[in-house]
Chemist: 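The structure that follows is given in the form of structure tokens.
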Amino acid sequence: MRLVTWNVNSVSARLPRLLAWLRVTGPDVVCLQETKCPDAAFLRAEVAELGYAAAVHGDGRWNGVAVLSRMGSSDIAVGFPGIPSIPDAEQPPEARAIAATCSGVRVMSVYVPNGRSPEDPHFAYKLRWLTALRSAIEPEAAAERPFVLAGDFNVAPTDADVWDPAAFVGSTHVTPAERGAVRALLDAGLHDVPARALKYDTPFTYWDYRAGAFHQNLGMRIDLVLANAAAYADITDAYVDREARKGRSPSDHAPVVVDLGRSSTVELSR
DNA sequence: ATGCCTTATTTCATAAGA
């Protein structure tokens, strides 16, 4: 099984690039974030043409997650038990998590809240969200069944995951509280899958659109694939495809590609 | 070369991203 996570920054705006990339890369399961697309508007027919069933969960203008699968998709769940709402909101929770079982692997695509700034109410919301996520995934993390939690975590787990730690003093994404919340996910039984970089020695997954950040490799590793023991033991390779960040109209995130030993042919025949 | 920000919407301006 080839599994991917990619924050596409609007699935509609990215559709031509997404389809072309899917054709070339051939993933079996695709976790998308920031689809920015209401469920009714999701371009299901276009991905179906490439063989993917789409489990989608969208808000409209912001957020939005999906799991595309060409290996079947069952037990689709949007959100997770205990998912918090935004601060002082009486609205339903934002569309930031969706799970599906694809050929025996439980897969969850998440778009963790940004946090905005450490003083902002959205920062406390981010921490609450990650804490609730940990509680929700605890059984899956400890289970025998392979489980993969993938997405845009909006946290750089270590100083090595940002281009310059000094540039992030006072910023979100690097605080001990955020890193502790991600560490808690690992403590629940998940492994941070080490991905190869296709260039340089740091597998960054995000580069700001502004000021030529990509071309100077001023990036961050905030898109993660976390695998429980069963899934982790099955991994044969993982890389960040920075090629997908190049060219015209890219997302500001690059996809992370993870290969698991399971053959799609074998799995599909079961 | 990979090139100086982009998205959807309450659209000719704004909020949000990280």
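Every chain is numbered from 1, with letters handed out A, B, ... down the list of sequences.
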Chemist: Please classify the nucleic acid contact of A:Asn217 as base, sugar-phosphate, or nothing, using heavy-atom distances under 4.0 Å.
Modeler: nothing
Chemist: Separation of A:Tyr200 atom OH from B:dT2 atom P, in whole Å?
Modeler: 12 Å
Chemist: Does a side-chain N or O of A:Tyr111 approach OP1 or OP2 of B:dA18 to a distance below 4.0 Å, or not?
Modeler: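 Affirmative; the distance criterion is met.
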Chemist: Just how far is it from atom CG of A:Leu3 to atom SG of A:Cys102, taken to the nearest 0.5 Å?
Modeler: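 Rounded to the nearest 0.5 Å, the CG-SG separation comes out at 8.0 Å.
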Chemist: Touch check for A:Thr172, heavy atoms < 4.0 angstrom, all strands: base, sugar-phosphate only, or nothing?
Modeler: nothing
Chemist: If you measure from CZ on A:Phe204 to CZ on A:Arg242, what distance do you get to the nearest 0.5 Å?
Modeler: 10.5 Å
Chemist: Does the side chain of A:Ser171 get closer than 4.0 angstrom to OP1 or OP2 of B:dA18 through an N or O atom?
Modeler: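 For A:Ser171, the contact criterion (side-chain N or O under 4.0 Å from OP1 or OP2 of B:dA18) is not met.
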Chemist: According to a strict under-4.0 Å criterion, is A:Arg242 in side-chain N/O contact with OP1 or OP2 of B:dT2?
Modeler: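 For B:dT2, OP1/OP2 do not have a side-chain N/O of A:Arg242 under 4.0 Å.
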Chemist: At 4.0 Å (heavy atoms only), tell me whether A:Phe153 reaches a base, stays on the sugar-phosphate, or touches nothing.
Modeler: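 Contact class for A:Phe153: none.
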Chemist: Report which part of the nucleic acid A:Glu243 touches: base, sugar-phosphate, or nothing (heavy-atom distance under 4.0 Å, all strands).
Modeler: nothing
Chemist: Could you state the CG-C1' distance from A:Asp208 to B:dC4, rounded to the nearest angstrom?
Modeler: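 About 11 Å, once rounded to whole Å.
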Chemist: Base, sugar-phosphate, or nothing: which does A:His122 touch, judged by heavy atoms less than 4.0 Å apart?
Modeler: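 Since no nucleic acid heavy atom lies under 4.0 Å of A:His122, the category is nothing.
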Chemist: Would you say A:Asn154 places a side-chain N or O within less than 4.0 Å of OP1 or OP2 belonging to B:dA18?
Modeler: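 A:Asn154 to B:dA18 OP1/OP2: side-chain N or O found under 4.0 Å.
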Chemist: Using whole Å, report how far CG of A:Asn63 lies from P of B:dA8.
Modeler: 14 Å
Chemist: Is the shortest side-chain N to carboxylate O distance from A:Asp201 to A:Arg196 below 4.0 Å?
Modeler: no
Chemist: Closest approach to the side chain of A:Ser12, judged atom by atom: which nucleotide of B:dA15, B:dA8, B:dT6 is it?
Modeler: B:dA8
Chemist: Heavy atoms under 4.0 Å, any strand shown: does A:Phe168 hit a base, just sugar-phosphate, or nothing?
Modeler: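 Touches nothing.
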Chemist: Relative to the 5' end of DNA chain B, which residue comes earlier, A:Glu34 or A:Gly212, by the nucleotide with the nearest heavy atom?
Modeler: A:Gly212
Chemist: Nearest of B:dA18, B:dG17, B:dT2 to any side-chain atom of A:His215?
Modeler: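 Looking only at heavy atoms from C-beta outward on A:His215, the closest nucleotide is B:dT2.
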Chemist: Tell me whether the OP1 or OP2 atom of B:dA18 has a side-chain N or O from A:Asn114 closer than 4.0 Å.
Modeler: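 Yes, A:Asn114 has a side-chain N/O under 4.0 Å of OP1/OP2 on B:dA18.
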Chemist: Starting at NE2 of A:His253 and ending at C1' of B:dA18, how long is that distance when rounded to a whole Å?
Modeler: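 So the NE2-C1' distance, A:His253 to B:dA18, works out to 8 Å.
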Chemist: From C-beta outward on A:Arg14, which listed nucleotide comes closest to its side chain: B:dT2, B:dT7, B:dG17?
Modeler: B:dT7
Chemist: Taking only N/O atoms, report every protein-nucleotides 9-11 of chain B pair under 3.5 Å with atom names and distance.
Modeler:
none

Chemist: If you check the A:Ala13 side chain, which of B:dA18, B:dT2, B:dT7 turns out closest?
Modeler: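 That would be B:dT7.
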Chemist: Select one nucleotide: of B:dG17, B:dA18, B:dT2, the one nearest the side-chain heavy atoms of A:Lys199.
Modeler: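 The nucleotide sitting nearest to the side chain is B:dT2.
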Chemist: Which part of the nucleic acid, if any, lies within reach of A:Arg116 when heavy atoms closer than 4.0 Å are counted: base, sugar-phosphate only, or nothing?
Modeler: sugar-phosphate
